[in-house]
Amino acid sequence: MYRRVPFVSSESIRMNQESCTKHLMIEEICLDLYQSDHGWKIILLRHFNPVGAHPSGNVGEDPRGIPNNLMPFVQLVAVGRRPALTIFGTDYKTSDGTGVRDYIHVVDLADGHIAALNKLEDPKIVTFRGSSSGSILSVLALLNSASSNGKKDLKICEEEGK
Ligand SMILES: O=c1ccn([C@@H]2O[C@H](COP(=O)(O)OP(=O)(O)O[C@H]3O[C@H](CO)[C@@H](O)[C@H](O)[C@H]3O)[C@@H](O)[C@H]2O)c(=O)[nH]1
């Protein structure tokens, strides 16, 4: 968090998911701080899962070891560095039963951060929400997309939801 950064939302900042609680708490601390001292300018950045790489290929994700996250794992399966993707759960209340996330391309996210930083001198209240990319994908949809892009079926196995 930076001193003198724009902030604050005129919108409701309520979130539904329990996993968002810690983020919401931090936003509330920022709100309190702003209320106590309007000299603070704070940007609240909300986004979901960044994926992808810079088109130059110079900056991207090349995890060492076993990745924790879906996209890098799928990529390693696609290039044959991992044998199969384990799907963590297939009985969620989603269209195909696998977990869904809202993905944002990492370059769009970087652009969003720059746009937010350009508001530093703007005294108005602003929040940045980078999550509405319209790219809400299930694990299977993401996997199928990677399979069709790479023109080969990627192997999967299933296990209980985590
Ligand atoms: O090998 C894998 C990896 C992930 N998934 C599923 O793929 C989806 C996306 O998982 P992941 O890429 O790990 O993203 P998140 O679960 O959304 O976790 C991100 O979002 C969390 C909440 O902000 C942060 O705590 C994490 O660090 C960050 O990676 C979820 O349904 C996972 O269960 C699999 O099925 N198999």
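If you're wondering where the values come from, they're calculated on a predicted model, not measured in any experiment. In each ligand, atom 1 is the first atom listed, and ligand 1 is the first ligand listed.
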Please work out which of T94, V77, L143, N69 has its closest non-hydrogen atom nearest to atom 13 (O) of ligand 1.
N69
For P83 and K155 the tightest heavy-atom approach is O-CB, 3.6 Å
Could you walk me through whether F73 and I66 pass the side chain to side chain contact (heavy atoms under 4.5 Å, CB included) check?
CA-CA 8 Å; F73 207 108; I66 303 172; 3.7 Å; yes
Quick one: which ligand 1 atoms are inside 4.0 Å of a heavy atom on G99?
31 (O)
Under 4.0 Å from a heavy atom of V139: which atoms of ligand 1 are those, numbered in the order shown and with their elements?
6 (C), 7 (O), 8 (C), 31 (O), 35 (O)
Candidate pair D62 and R64, rule salt bridge (charged side-chain N to carboxylate O under 4.0 Å, His left out), full reasoning
CA-CA 7 Å; D62 183 16; R64 307 284 182 259; 3.3 Å; yes
So, regarding F88 and ligand 1 (criterion: nitrogen or oxygen to nitrogen or oxygen, under 3.5 Å), is there a contact or not?
yes
Only one of D111, L109, I104 passes side chain to side chain contact (heavy atoms under 4.5 Å, CB included) with V107; say which it is.
D111
Distance under 4.0 Å to a non-hydrogen atom of I87: what atoms of ligand 1 satisfy this?
35 (O)
Hits for side-chain contact (heavy atoms from CB on, under 4.5 Å) against S56, two or more places apart or cross-chain, chain-then-number order -> H54, N58
Close-contact set for ligand 1 against N68 heavy atoms, below 4.0 Å:
3 (C), 13 (O)
Between side-chain atoms of residues 139-147 and protein atoms elsewhere (two or more places apart, or another chain), which donor-acceptor pairs fall under 3.5 Å?
| from | atom 1 | to | atom 2 | distance (Å) |
| --- | --- | --- | --- | --- |
| N144 | ND2 | L140 | O | 3.3 |
| S147 | OG | L143 | O | 3.0 |
| S147 | OG | L154 | N | 3.4 |

Using heavy-atom distances, let me know which of N49, T86, V74, I66 sits nearest atom 14 (O) of ligand 1.
N49
Ligand 1 and L70, any nitrogen or oxygen pair closer than 3.5 angstrom?
yes
